[in-house]
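Step one of this worksheet: look at the structure below.
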Amino acid sequence: MISSSESPYLQFDRERWASLRDSEPMTLTKEEVERLRGINDELSMDEVRDIYLPLSRLLNYYLNARHNRQSVLMKFLKQEEQHIPFIISVAGSVSVGKSTSSRVLQALLSHWKESLKVALVTTDGFLHPNSVLEEKGLMLKKGFPQSYDTRKLLQFVMDVKSGKRHLQAPKYSHLTYDVIPNEYYEIDQPDILILEGLNVLQSSSDYPHSDKSHAFVSDFVDFSIYVDAEEEQLEEWYISRFLKLREGAFTNPESYFVNYSRLTTQEAILTAKTVWREINLQNLRQNIFPTRDRANLILHKGPEHIIDSVKLRK
């Protein structure tokens, strides 16, 4: 472990972080781990054991501490204890593997107690529909903060945090590249909500000229995670994933990207590079990466999608 008085983080190499697993047992099978792995992402039993088991142990401590604090508050107020979900956010670039990290955490945390309910919601469902993005000229800014219905997302998170029941999270289709009309996931008072998205760490400091009273999703998050990697690595992963989708999901006649399946390999590589550099890289530099150092925990990935270091806020 490296501790510097000049840094707000404690830094761990993989070996030191893995030792913090203590005696926490592995609760996932090899088959379950394989199912949790995303397209073009690498996830091994070693990765779950060395990185995610210590993290799930830490999160359990945070969850218990928050519960104890809530109990003290309700005792002081002489009120019955309320059900207040613990919210974890997972941020990072396109192609970094946020979804895989989120699914692994959901699976591990769900095994802590039989009665523990862990919900996972991605912010994709809170994007404006394509018809609205086209009307506003934002289709090439999809994934940028302005492409989301931020009021709807914020209200959803506030409702979750206030303990409301039978909430609805909009569904998103990566096949049609659009929000699915009138289809929702029901979120009913989970013990833990994992919120995964590109911009979940944004705060008022990203909008210095805006109304300071405006709330952000990050204001209601109990623990935040940023999945990090170097730009060159991210571009390589994005292109690799694009090529795999070109041979898989893009071949579906209903796919929004069906025309990409007809590209030659070289044309596909050039297209992927263009999309990455003109859209995703710009979003990363302008909106996503600047929020990294607000996270409670930073998971840094090296080659092959393997996490090589962890930073934990002091």
Side-chain angles (χ1 to χ4, degrees), residues 33-44 47 51-52 89-105 120-127 139-145 147-148 172-175 177-178 194-202 224-250 255-257 260-261 263 265-292 295 297-310:
V33 169
E34 185 64 26
R35 286 196 296 270
L36 293 169
R37 185 170 60 88
I39 294 175
N40 202 49
D41 204 355
E42 294 297 326
L43 180 67
S44 65
E47 190 86 340
I51 303 298
Y52 293 102
S89 67
V90 181
S93 171
V94 169
S95 80
V96 77
K98 298 184 302 300
S99 297
T100 295
S101 293
S102 299
R103 288 192 296 268
V104 173
L105 283 176
L120 171 59
V121 170
T122 71
T123 59
D124 292 344
F126 293 91
L127 284 160
M139 280 301 287
L140 294 180
K141 293 288 185 180
K142 198 165 187 177
F144 284 63
S147 66
Y148 291 87
Y172 184 85
S173 170
H174 289 279
L175 181 66
Y177 194 55
D178 203 355
I194 299 173
L195 185 67
E196 180 247 307
L198 299 171
N199 303 297
V200 290
L201 281 171
Q202 286 219 320
S224 53
I225 299 167
Y226 186 96
V227 187
D228 192 24
E230 305 307 315
E231 287 183 2
E232 296 80 6
Q233 202 74 67
L234 290 167
E235 179 177 7
E236 179 183 319
W237 294 340
Y238 181 80
I239 293 170
S240 178
R241 186 176 70 174
F242 187 96
L243 293 176
K244 289 182 179 179
L245 289 170
R246 164 179 160 268
E247 297 176 353
F250 290 172
S255 172
Y256 181 87
F257 300 105
Y260 287 162
S261 67
L263 299 175
T265 300
Q266 286 306 115
E267 288 172 336
I269 292 173
L270 180 59
T271 299
K273 283 185 176 181
T274 300
V275 173
W276 170 258
R277 293 176 182 178
E278 295 184 2
I279 300 177
N280 295 310
L281 180 58
Q282 298 308 312
N283 194 19
L284 172 63
R285 289 176 173 174
Q286 293 173 25
N287 303 303
I288 304 169
F289 181 76
T291 70
R292 181 188 65 175
L297 187 96
I298 301 173
L299 300 174
H300 184 272
K301 287 188 173 184
E304 309 302 327
H305 272 282
I306 295 173
I307 295 170
D308 54 20
S309 67
V310 176

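On a predicted model such as this, the values are computed, not experimentally measured, just so you know.
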- Locate the shortest heavy-atom distance separating R241 from V94; write the atom from each residue and the value. NH2-CG1, 3.3 Å

- Evaluate the side-chain proximity of W276 to W237: yes if any heavy-atom separation is below 4.5 Å, no if none is. no

- Message: Quick one, Y172 and T122 - any side-chain contact, counting heavy atoms below 4.5 Å?
- Response: no

- K301 and V227: which non-hydrogen atoms are nearest, and at how many Å? CE-CG1, 4.0 Å

- Salt bridge R103-E196, side-chain N to carboxylate O under 4.0 Å: no

- Message: For the backbone of I306 and the side chain of E47, can you confirm whether one donor and one acceptor N or O come within less than 3.5 Å of each other?
- Response: no

- Straight-line distance of T271 OG1 to I239 CD1, nearest 0.5 Å: 10.5 Å

- Considering all heavy atoms of both residues, which atom of S224 and which atom of S89 are nearest to each other, and what is their separation? CB-OG, 3.3 Å

- Query: When rounded to the nearest 0.5 angstrom, what distance separates CD in E278 from CG in L140?
  - Reply: 8.5 Å

- Message: Looking at G143, is its backbone amide N or carbonyl O close enough to the side chain of N283 to form a donor-acceptor pair, meaning the two atoms are under 3.5 Å apart?
- Response: yes

- Task: Please report the C-alpha distance between N199 and T291 in whole Å, then the side-chain angles of each, then the deciding distance to 0.1 Å, and finally whether the side chain to side chain contact (heavy atoms under 4.5 Å, CB included) criterion is met.
- Result: CA-CA 8 Å; N199 303 297; T291 70; over 6 Å; no

- Query: At their closest point, which heavy atom of L175 faces which heavy atom of A249, and how far apart are they?
  - Reply: CD1-O, 4.1 Å

- Is the backbone N or O of E236 less than 3.5 Å from a side-chain atom of S240, with the two atoms forming a donor-acceptor pair by type? no

- CG-CZ distance between L284 and F289, expressed to the nearest 0.5 angstrom: 7.5 Å

- Residue pair H300, E230: steps toward the side-chain hydrogen bond (donor to acceptor under 3.5 Å, both in side chains) verdict: CA-CA 9 Å; H300 184 272; E230 305 307 315; 2.9 Å; yes

- Any E235 side-chain heavy atom under 4.5 Å of L281 side chain: no

- Judged by atom type as modelled, is there a donor-acceptor pair below 3.5 Å linking the side chain of S95 to the main-chain atoms of L234? yes

- Message: What I'd like to find out is whether the side chain of I279 reaches to under 4.5 Å of the side chain of K142, using heavy atoms alone.
- Response: no

- Message: With a 4.5 Å cut-off on side-chain heavy atoms, are T123 and L198 touching?
- Response: no

- Query: Would you say L201 and R292 make side-chain contact, with heavy atoms under 4.5 Å?
  - Reply: no

- Query: Parallel, tilted or perpendicular: which describes the rings of F242 and Y260, with under 30° parallel and over 60° perpendicular?
  - Reply: tilted

- I307 side, atom CD1; L299 side, atom CG - distance, nearest 0.5 Å: 4.5 Å

- State which residues pass ring-ring contact (aromatic ring centres under 6.0 Å, His included) with Y177; sequence neighbours excluded, sorted by chain then number. Y256, F257

- Note on the structure: Smallest heavy-atom separation, P145 atom then Q202 atom, equals CG-OE1, 3.6 Å

- Message: What I'd like to find out is whether the side chain of V104 reaches to under 4.5 Å of the side chain of I51, using heavy atoms alone.
- Response: no

- Message: Show, in sequence, the C-alpha distance, side-chain angles and deciding distance for L43 and H305, and conclude whether the side chain to side chain contact (heavy atoms under 4.5 Å, CB included) test is met.
- Response: CA-CA 8 Å; L43 180 67; H305 272 282; over 6 Å; no

- Item | Closest heavy-atom pair and its distance - F144, N287 | CD2-ND2, 3.5 Å

